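To start, the structure under review is shown below, and the notes come after it.
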Amino acid sequence: MSDIIKLLPDSVANQIAAGEVIQRPASVIKELVENAIDAGATSIKIILKDAGRTLIQVIDNGCGMSDTDARLAFERHSTSKITCADDLFSLHTMGFRGEALASIAAISQVELRTMKRGSQMGTKICINASKCESQEPEYCPEGCNFMIKNIFFNVPARRKFLKSNQVELSNIVREFEKLALVNYSTEFTLIHNDNTMFQLMGGDSFKRRITSLFSRSLEQQLIPIETETSLVKLNGYIGRPENARKRNALQYLFVNGRHMRHPYFHKAIISCYEQLIPSDEQPNYFLHFYVDPHTIDVNIHPTKNEIKFENEQAIWQILSAAVKEALGKFSAVPSIDFDTEDMVEIPAGNTSNIYQPAIEFNPSYNPFKEGYGKNNQTTSARKATQPISHIEKQADDNLKNWDTLYANFEKKFDSATSGQVTVKSSILDQNTTPLAIFDSNETMLLAENCRFVQLKNKYIITASDRGIIIIDQYRAHIRILFDRLMNSKNETVKSQRVLFPEVIQLSSSQNLILEELQEEMEKMGFELAFLGNNSWSVNSVPSSLKGMNVNDLIHEVIDSVMTGGKDISTKISEHIALSSAKTAAIQYGQTLTEDDMSALANDLMKSTQQKYTPDGKLIINFIPTDDVIKMFS
């Protein structure tokens, strides 16, 4: 039997590695910019065509490479960052595995021009799907100029799963924001299709870089944090509690100049805001951690965004204490300003002459004394000898009327409970006409005079000829609104003008998505106006969604589209309709009248997909009569 285990060719191995390291155009930019930072670049320019599908060009003024280094850089596991295994535990650079350039070259066409600092001549190298096609001397500026063309051209399955240009560009912008924040003293420029999206000056302070990337209004919202211990040095900013956001909170953590995701430290920060902000809101924060490189491990994930800390619990406590101290020192607590002008002066010494109202009180009053409240000799004699106070008289009258009060209470209780029992029996009584029936296709149909009961302000219960039907009110309304919005695509949509237009503030990445959505949303009854600086005004909404939270709706639609597939043009209406329906639907906890429940159930019955929501969640459940009988057997 012949051997079956073979060594994979480099081209195949590089494509496998590319699947882990290079997931989309944003991944290419991350790897190339981090290499430029490691090379000492103080100025980095990123040029894109078609959201990186056609071209990703990264130009830096770093140290550059010799012609030999330029060729070796594209070989797998070739790196200048480490020389032995021990170096992995004292990393001061962003890259170290030597996989990024090999992975990029495996799934694209690469052209590199580079000249080593102090040299007289540079080199140009062209690589196509890991194959070096040419290398020749060429004069060029010091540093590196990478041109990555036609990403995933030789891996059609991967290219097919790229999302729309706007979604991919949005991901690029979010990656760019992380890189620009962590390297805030570096000059950055981002150009897309000849349009300059960002131009950030070098030498910025961290605070200025934050406001340049997001909004100048953040400047007054940031609380500084700075602390240093033997384990960690912390500096950066947290947001004021009053500026917490329900959506799109700006939350960034960095360690030793590297962006990281760390749920444990995130929880430490959030716990400090527990009594200061609503539970559904999140604060902004931008924090840098500086620790001994020997105490962290960055080599646990291909993207190097997940970091393991040796002193995690101790740093958690330091972080929590620093955030609480900053909040206590800088949070604006409103002070009470008493206007003492023309006020009567209250003496601070002897208060015996201050007027105090007299309280009439009979010390012999005892409502539990035997015979009290009865019309007998004791009561009559007391009435003759001393007056009864107003309070005592009221208590006396209440005790006399106690039997009457109790009788009235019992009467009202019986009346209330009898009404409830009547409603329940009308639904469950098997001798009455069925309230709902099923047709041959197992579709539920409501009979006339159908009765409903609401359970826990969440479910609607009615009866059928075969058992009990339970409807989820929120999901039912989602299905109804979704169908209306989808059906309105080919009709004249009725819009409801908003009395006070809602102004929505977005991030740069979200703004790109809404630009793509605008035309389709206007077909469905929305009227949007761009105000500049990533702000939009919502002037009209579909009349079927009247009363919804417009801010939540826009963010929900954007989030839904960003997680959608590549063929977004054919699915964009469904994303908008589903997001809009979820925001505008009757929420759990809302009390419904029987007329409300009847209207909701009848509208649901008109749907051809009454059993499930558009995203596949169950709307109707059914308990057969036989199962009900078994419960009591």
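Since the model is a prediction, treat every value here as computed from it, not as a measurement. What you see below is based on every heavy atom in this structure, not just the backbone, and it leaves out hydrogens, waters and symmetry mates.
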What I'd like to find out is whether the side chain of [X] reaches to under 4.5 Å of the side chain of [Y], using heavy atoms alone.
| X | Y | answer |
| --- | --- | --- |
| Y612 | K617 | no |
| R261 | Q251 | no |
| Q518 | F526 | no |
| R208 | Y184 | no |
| P241 | Y273 | yes |
| K246 | H555 | no |
| S217 | Q221 | yes |
| E310 | I296 | no |

Donor-acceptor under 3.5 Å ([X] side chain, [Y] main chain):
| X | Y | answer |
| --- | --- | --- |
| D596 | T593 | yes |
| Q510 | S507 | yes |
| Q454 | L592 | yes |
| Q57 | F146 | no |
| N533 | S535 | no |
| T54 | D50 | no |
| W536 | L531 | no |
| D472 | Y459 | no |
| R475 | L618 | yes |
| S108 | I104 | yes |

Please report the shortest heavy-atom distance between [X] and [Y], naming the atom on each side.
| X | Y | value |
| --- | --- | --- |
| Q587 | A585 | NE2-O, 3.1 Å |
| G236 | F206 | CA-CE2, 4.0 Å |
| A36 | I44 | CB-CD1, 3.8 Å |
| I151 | G52 | CG2-O, 3.6 Å |
| S509 | V173 | N-CG1, 3.9 Å |
| A244 | E281 | CB-OE1, 3.7 Å |

Do other residues, nucleotides or ligands put more than 12 heavy atoms under 6.0 Å from the CD atom of E515?
yes
Rounded to the nearest 0.5 Å, how far does [atom2] of [Y] lie from [atom1] of [X]?
| X | Y | atom1 | atom2 | answer |
| --- | --- | --- | --- | --- |
| L222 | K207 | CG | NZ | 6.0 Å |
| L101 | L32 | CG | CG | 6.5 Å |
| L506 | L514 | CG | CG | 6.0 Å |
| N183 | E34 | CG | CD | 8.5 Å |
| R158 | I22 | CZ | CD1 | 9.0 Å |
| I478 | D483 | CD1 | CG | 11.5 Å |

Against L48, only a single residue in L55, N195, I172 fulfils side chain to side chain contact (heavy atoms under 4.5 Å, CB included); can you say which?
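Of L55, N195, I172, side chain to side chain contact (heavy atoms under 4.5 Å, CB included) with L48 is met by I172 alone.
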Does [X] pair with [Y] as a salt bridge, N-O distance under 4.0 Å?
| X | Y | answer |
| --- | --- | --- |
| E168 | R24 | yes |
| D297 | K308 | no |
| E187 | K45 | no |

Yes or no on side-chain hydrogen bond (donor to acceptor under 3.5 Å, both in side chains) for S164 and E516, after CA distance, side-chain angles and deciding distance?
CA-CA 9 Å; S164 69; E516 182 184 34; 3.3 Å; yes
From CA spacing to verdict: side-chain hydrogen bond (donor to acceptor under 3.5 Å, both in side chains), T42, N61:
CA-CA 7 Å; T42 58; N61 65 348; 2.9 Å; yes
side-chain contact (heavy atoms from CB on, under 4.5 Å), that's the test. Do I269 and L253 meet it? Break it down for me.
CA-CA 11 Å; I269 299 169; L253 297 176; 4.1 Å; yes
Check step by step if side-chain contact (heavy atoms from CB on, under 4.5 Å) holds for V541 and E502.
CA-CA 11 Å; V541 297; E502 182 90 16; over 6 Å; no
Please step through side-chain hydrogen bond (donor to acceptor under 3.5 Å, both in side chains) for the pair S43 and D60, ending with a clear verdict.
CA-CA 6 Å; S43 175; D60 69 70; over 6 Å; no
Distance-only polar pair, side chains of [X] and [Y], donor-acceptor under 3.5 Å:
| X | Y | result |
| --- | --- | --- |
| R497 | N539 | no |
| N171 | R174 | yes |
| Q199 | T189 | no |

Checking N551 against V538 for the side-chain contact (heavy atoms from CB on, under 4.5 Å) test, could you report, in this order, the C-alpha distance in whole Å, the side-chain angles of both residues, the deciding distance, and whether it holds?
CA-CA 9 Å; N551 198 322; V538 183; over 6 Å; no
Taking the six-membered ring for Trp, are [X] and [Y] ring centroids under 6.0 Å apart?
| X | Y | value |
| --- | --- | --- |
| Y237 | F286 | no |
| F289 | F254 | no |
| F198 | F176 | yes |

Dump the intermediate steps for ring pair (Phe, Tyr, Trp, His ring centres under 6.0 Å) on F161 and F152, then the final yes or no.
CA-CA 10 Å; F161 282 100; F152 297 125; over 10 Å; no
Dump the intermediate steps for side-chain contact (heavy atoms from CB on, under 4.5 Å) on R209 and F188, then the final yes or no.
CA-CA 11 Å; R209 179 56 57 91; F188 279 94; 3.7 Å; yes
